[in-house]
Amino acid sequence: MHVTSAELDQLVTKEWDKATASNNGRSAIAVLKDGRLRHTLVTLLAGSTLNDHEKPEAATLQVLRGSIVVNWEGESKTIEHGGLFVLPDAVHNVVANEDCAFLLTSLAG
């Protein structure tokens with residue numbers, strides 16, 4: 001069966017529970033995909049980090065709850081609840097200012 005919709009509020013609650021139980025304070029789940037297009041829900045507890053990593057061909061993130069900071073090449077951008085951001089074409093990391101959840105939309109290689 002091809003899944004074509006998702007209830008994000010329910011998934012956020014479930015993934016926060018997983019992040020709380022994890023050693024690294026984070027959780028991620030693939031939500032939807034369509035061809036190369038991927039939607040991934042990421043939850044981070046306050047102070048948790050996604051270490052340096054490269055950006056896929058194209059990627060945006062939308063903060064559903066809380067706030068995060070994206071850092072790259074000496075620059076940074078805070079994205080708060082409701083914010084939508086195009087990730088920089090550079091190695092970057094993400095730090096949770098507070099418990100947060102965001103939807104990463106990307107093109108898979």
Side-chain angles (χ1 to χ4, degrees):
M1 176 170 77
H2 181 69
V3 177
T4 58
S5 65
E7 176 50 54
L8 292 177
D9 284 341
Q10 291 174 355
L11 286 173
V12 166
T13 299
K14 183 178 176 181
E15 292 306 306
W16 258 343
D17 290 345
K18 289 182 183 178
T20 300
S22 76
N23 291 332
N24 57 15
R26 63 183 186 228
S27 180
I29 185 171
V31 177
L32 295 175
K33 62 181 179 177
D34 182 25
R36 292 179 51 220
L37 186 64
R38 301 287 187 264
H39 299 282
T40 304
L41 176 65
V42 180
T43 55
L44 298 173
L45 300 182
S48 296
T49 302
L50 294 177
N51 294 329
D52 283 350
H53 56 281
E54 293 186 10
K55 174 189 166 189
E57 178 182 342
T60 62
L61 59 81
Q62 180 178 10
V63 177
L64 304 172
R65 295 189 189 165
S67 70
I68 60 173
V69 177
V70 179
N71 301 291
W72 73 98
E73 297 180 347
E75 296 187 53
S76 66
K77 173 71 175 172
T78 300
I79 304 105
E80 297 182 353
H81 172 91
L84 180 62
F85 181 67
V86 175
L87 287 166
D89 192 18
V91 172
H92 61 280
N93 63 60
V94 178
V95 180
N97 285 334
E98 56 190 302
D99 291 355
C100 68
F102 61 89
L103 188 65
L104 173 67
T105 302
S106 62
L107 291 180

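Following chains of ILVMFWY side-chain contacts shorter than 4.5 Å, one can reach Leu45 starting from Leu11, so the two form part of one hydrophobic cluster. Neither Leu104 nor Val31 shares a network with the other; the hydrophobic side chains, linked directly or stepwise wherever heavy atoms of I, L, V, M, F, W or Y lie under 4.5 Å apart, form separate groups for each. Under the 4.5 Å side-chain heavy-atom criterion for ILVMFWY residues, no single connected hydrophobic cluster contains both Leu50 and Leu41. Put simply, Trp72 and Val69 are part of two different groups of oily side chains (I, L, V, M, F, W, Y) that touch within less than 4.5 Å, one to the next.
Rounded to the nearest 0.5 angstrom, Ile29 CD1 and Lys18 NZ are separated by 4.5 Å.
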Without placing hydrogens or testing angles, list every side-chain donor-acceptor pair under 3.5 Å for residues 52-68, not counting sequence neighbours.
{"unit_1": "Asp52", "atom_1": "OD1", "unit_2": "Asn93", "atom_2": "ND2", "d": "3.0"}
{"unit_1": "His53", "atom_1": "ND1", "unit_2": "Asn51", "atom_2": "O", "d": "2.7"}
{"unit_1": "His53", "atom_1": "ND1", "unit_2": "His92", "atom_2": "O", "d": "3.4"}
{"unit_1": "His53", "atom_1": "NE2", "unit_2": "His92", "atom_2": "NE2", "d": "3.1"}
{"unit_1": "Lys55", "atom_1": "NZ", "unit_2": "Leu87", "atom_2": "O", "d": "3.2"}
{"unit_1": "Glu57", "atom_1": "OE1", "unit_2": "Arg36", "atom_2": "NH2", "d": "2.2"}
{"unit_1": "Ser67", "atom_1": "OG", "unit_2": "Asn97", "atom_2": "ND2", "d": "3.3"}
{"unit_1": "Ser67", "atom_1": "OG", "unit_2": "Glu98", "atom_2": "OE2", "d": "3.2"}

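The one candidate from Ile79, Thr40, Leu44 that meets the side chain to side chain contact (heavy atoms under 4.5 Å, CB included) condition with Phe102 is Leu44.
No donor-acceptor distance shorter than 3.5 angstrom exists from the side chain of Arg26 to the backbone of Asn23, with no hydrogens or angles considered. Between the side chain of Thr43 and the main chain of Glu15, a donor-acceptor pair closer than 3.5 Å is present.
The side-chain hydrogen bond (donor to acceptor under 3.5 Å, both in side chains) pairs that include a residue from residues 77-86 number zero, where partners must be two or more places apart or lie in different chains. Pairs engaging residues 12-39 under the ring-ring contact (aromatic ring centres under 6.0 Å, His included) rule: none recorded [sequence neighbours left out].
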